[in-house]
Amino acid sequence: MCVFIYALPYQKLLSEVMHESSPTQQVSTWLSHFGSALENSDFPKVLDLFYEECYWRDLISFTWNIKTFESKDEIVGMLQTVLSEVKPIHWAIEGAATLDGSTTKAFFTFETAVARGKGLLGLQNGKCLTLLTTMTELKGFEEHKGEWRDSGVQHRVKKHRKNWLELKEKEEAELGYIRQPYCVIIGGGQGGIALGARLKRLGVPTIIVEKNKRAGDSWRNRYKSLVLHDPVWFDHLPYLPFPDDWPVFTPKDKMGDWLEIYTKAMELNYWSSTECISASYDDETEEWTVLVNREGKKVTLNPKQLVFATGAYGPPKEPSFTGMANFKGDCFHSGKYTSGEKYAGKNCVVVGSASSGHDICVDLWENDAHVTMIQRSPTIVIRSETLMELGFKALYSEQAVQSGITTEIADMISASVPFKMMPAQQIPLYEEIAKRDSDLYERLALAGFHLDFGEDGSGLMMKALRTGSGYYIDVGASDLIAEGEIKVKSGVEISEIKEHSVFFADGTELPADLIVFAIGFESMNEWLAKIISREVADRVGICWGIGSGVPNDPGPWEGELRNMWKPTRQKALWFHGGNLHLSRFNSLFVSLQIKARMEGIPTPVYSGS
């Protein structure tokens, strides 16, 4: 362990300056001292700039990784390893600093040897509590945009020259057949499309493989009543925001159409009706062999990088109950549910009480079915209106836009909060929600519905990050449950499924013509087991979760989402996914990591282990 001798005259000067200056001057002074200390590899001075409790979250700019450092020791350990390669310079405040309670916050820019970056600094008493650093572009490999955009035409006469359409069709005909893509993305939903757009702008030859017939079908093929629960300001795609008259909550078919329009506008190489059969990596040639079935014909692709962009989940969890094979009605996973139209007057059982379970119950009820929800564990329920007011309004709302908070600013503010700090910030929010909507919660409890706000009371967002399940944003189902229109059976295990009923451990029985299992999905690495090998899937490990130690999020503590948007234990293999917000924001970092490798830029990954 290193022992540092602190420079007392430096400390005195810095504290005096910080005490006497404005917030903006404080940040500028801090950045100046920070940059100087880094340039001179003066680690004692670097550490003196940080608060005793401190966090530095880096999104690939220093570490070529997504990593949060949660102590002075971790920070200096990282810097001692990477600083000579990173060579950070030109630290400068961007805009004016603001006060958020006792914390002074400001955006800033900086450069490294190979990239430019942006960050967000949080100071308390002149010292850093939180620091976010992100890479925004690679030097010499910037996107062709603004004044550097392509002309689109050559203003000179040339015999037999090809126009834009002919050149586009030529590229589409050749890529994957005559020329190999540098990157293949498996999954053409919002994640694959957002990442494909980033890579296209960076000049990375990429093919997106999607089993559905059209871009957007992953939304169109869902159940009829599905509408996004997140607001429009949260859901923009890169480069092309939704029009300013777009509804707050997007219907699924409208979302599907937008994804299809986006795919065409961004000129993505999108192979629809194409399913990935297998993939293997050759350590000697450092390339993948990816076998796909494209519209009935097998095609072999040999990319250098392979991305799984299959949402936030893996394959559906397969239900396994005694007697299932004997059931005479319809029985399937929620992923196959499309509509309740044919179940009018039928007895329908929905196993599961998270988002899909609630939405399917409502759809069946609207189609005049008799519906019972089987609740296997407590569920976090939050009224949409309350969540919009208390959870989204400050950053993702029309009011936020009018106050100058762009999507980029909101995303940076969101990303600047370390995962370890989040529960303490979320608990007061959910205590207020519990008070505000106490009437709803009392009525749900009386109906037999089991509620919670997570193991530590930190609510929906932490539940989503830890397990990706176990919550519902209420858009109508909760009132139906409270009023008895949707029946609930909680805390009792299913013992057996009979020909026309579901039998429970307490001896009760429910008649059933339909059973929908809204029981969730496996981890994303299970797609690796199906497509690559069980060995690779196990070596890479599970995706999602932060190692909080709560059920379904085993330790040890990770501090970041497992395996997402960063190098994995399998070379040249990436996971990209999540909701529209996470796909938009993190697609930048995946694309820059892939582009750097394509261009031969050194990318030494710092893991800290």
Side-chain angles (χ1 to χ4, degrees), residues 226-231 234 249 311-313 317 334 350-362 373-394 396 414 417 419 421-482 486 488-491 517-521 544-554 561 578-579 581-582:
L226 178 64
V227 174
L228 272 68
H229 292 175
D230 295 328
F234 196 63
F249 302 105
Y313 308 106
K317 289 182 178 178
S334 59
V350 178
V351 182
S353 58
S355 296
S356 293
H358 278 81
D359 286 348
I360 290 169
C361 283
V362 169
M373 174 188 287
I374 310 303
Q375 187 184 27
R376 301 176 301 153
S377 58
T379 309
I380 296 174
V381 173
I382 301 166
R383 291 177 65 246
S384 177
E385 296 85 353
T386 306
L387 186 60
M388 296 308 108
E389 175 68 22
L390 299 181
F392 282 102
K393 185 176 180 180
Y396 299 98
S414 297
V417 182
F419 287 110
M421 293 181 71
M422 285 184 183
Q425 294 184 4
Q426 293 292 305
I427 288 170
L429 169 66
Y430 284 91
E431 289 174 345
E432 175 60 27
I433 288 172
K435 293 176 184 176
R436 184 173 294 201
D437 293 330
S438 59
D439 177 66
L440 172 65
Y441 298 134
E442 289 171 5
R443 292 190 296 123
L444 284 171
L446 288 172
F449 191 90
H450 292 179
L451 293 153
D452 75 356
F453 284 117
E455 287 76 8
D456 55 0
S458 59
L460 186 151
M461 185 171 74
M462 294 311 303
K463 191 88 162 183
L465 293 169
R466 289 165 172 169
T467 68
S469 63
Y471 55 87
Y472 170 61
I473 299 174
D474 178 35
V475 291
S478 293
D479 279 331
L480 293 177
I481 292 170
I486 294 173
V488 176
K489 190 168 183 64
S490 301
F517 291 96
I519 57 175
F521 297 81
W544 216 258
I546 53 179
S548 63
V550 305
N552 300 315
D553 182 25
L561 288 167
N579 59 20
H581 160 253
L582 290 172

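The first residue of the sequence shown is numbered 1, and numbering continues consecutively from there. Worth saying up front: this structure is predicted, and the values here are computed from it rather than measured.
The shortest side-chain heavy-atom distance between Leu226 and Asp359 falls under the 4.5 Å cut-off. In this structure, His229 and Val475 have side chains that are in contact, with non-hydrogen atoms separated by less than 4.5 Å. Side chains of Met422 and Met461 form a contact here, defined as non-hydrogen atoms less than 4.5 Å apart. At least one side-chain heavy atom of Pro551 sits under 4.5 Å from a side-chain heavy atom of Glu455. Side chains of Pro231 and Met388 form a contact here, defined as non-hydrogen atoms less than 4.5 Å apart. Proximity of Ile382 to Tyr430: side-chain heavy atoms (C-beta onward) are separated by under 4.5 Å at one or more points. Using a 4.5 Å heavy-atom cutoff, the side chains of Thr386 and Glu389 are not in contact. Two residues are said to be in side-chain contact when any heavy atoms from C-beta on lie closer than 4.5 Å; Leu387 and Phe392 meet this criterion.
Atom OG in Ser377 sits 10.5 Å away from atom NE2 in His450 (nearest 0.5 Å). Distance check: Leu440 CG to Asp474 CG gives 6.0 Å after rounding to the nearest 0.5 Å. The line from CG of Leu480 to SG of Cys361 is 9.5 Å long, rounded to the nearest 0.5 Å. To the nearest 0.5 angstrom, Ser384 atom OG is 6.5 Å from Ile473 atom CD1.
Residues Arg466 and Asp456 are paired through a salt bridge, judged by an N-O separation under 4.0 Å between the basic side chain and the carboxylate. In this structure, Asp437 pairs ionically with Arg383, as a charged nitrogen and a carboxylate oxygen lie closer than 4.0 Å.
With hydrogens and angles ignored, the 3.5 Å screen pairs a side-chain donor or acceptor of Asp553 with a backbone N or O of Gly547. Not a single donor-acceptor pair under 3.5 Å links the side chain of Tyr471 to the backbone N or O of Phe453. Checking side-chain atoms of Gln375 against main-chain N and O of Val488 turns up no donor-acceptor pair under 3.5 Å.
Aromatic ring orientation, His581 versus Phe234: parallel (interplanar angle below 30°, classes split at 30° and 60°).
Ring to ring, Tyr472 and Phe449 are not that close: their centroids are 6.0 angstrom or more apart.
Legend: residues meeting side-chain hydrogen bond (donor to acceptor under 3.5 Å, both in side chains) with Ser356, ordered by chain and number and at least two apart, are absent. The ring-ring contact (aromatic ring centres under 6.0 Å, His included) search around Phe419 returns none, not counting sequence neighbours.
Leu444 approaches Ser478 most closely through the heavy-atom pair CD2-O, 3.5 Å.
Residue pairs that meet the salt bridge (charged side-chain N to carboxylate O under 4.0 Å, His left out) test with at least one member in residues 423-432, sequence neighbours left out, are Glu432-Arg436.
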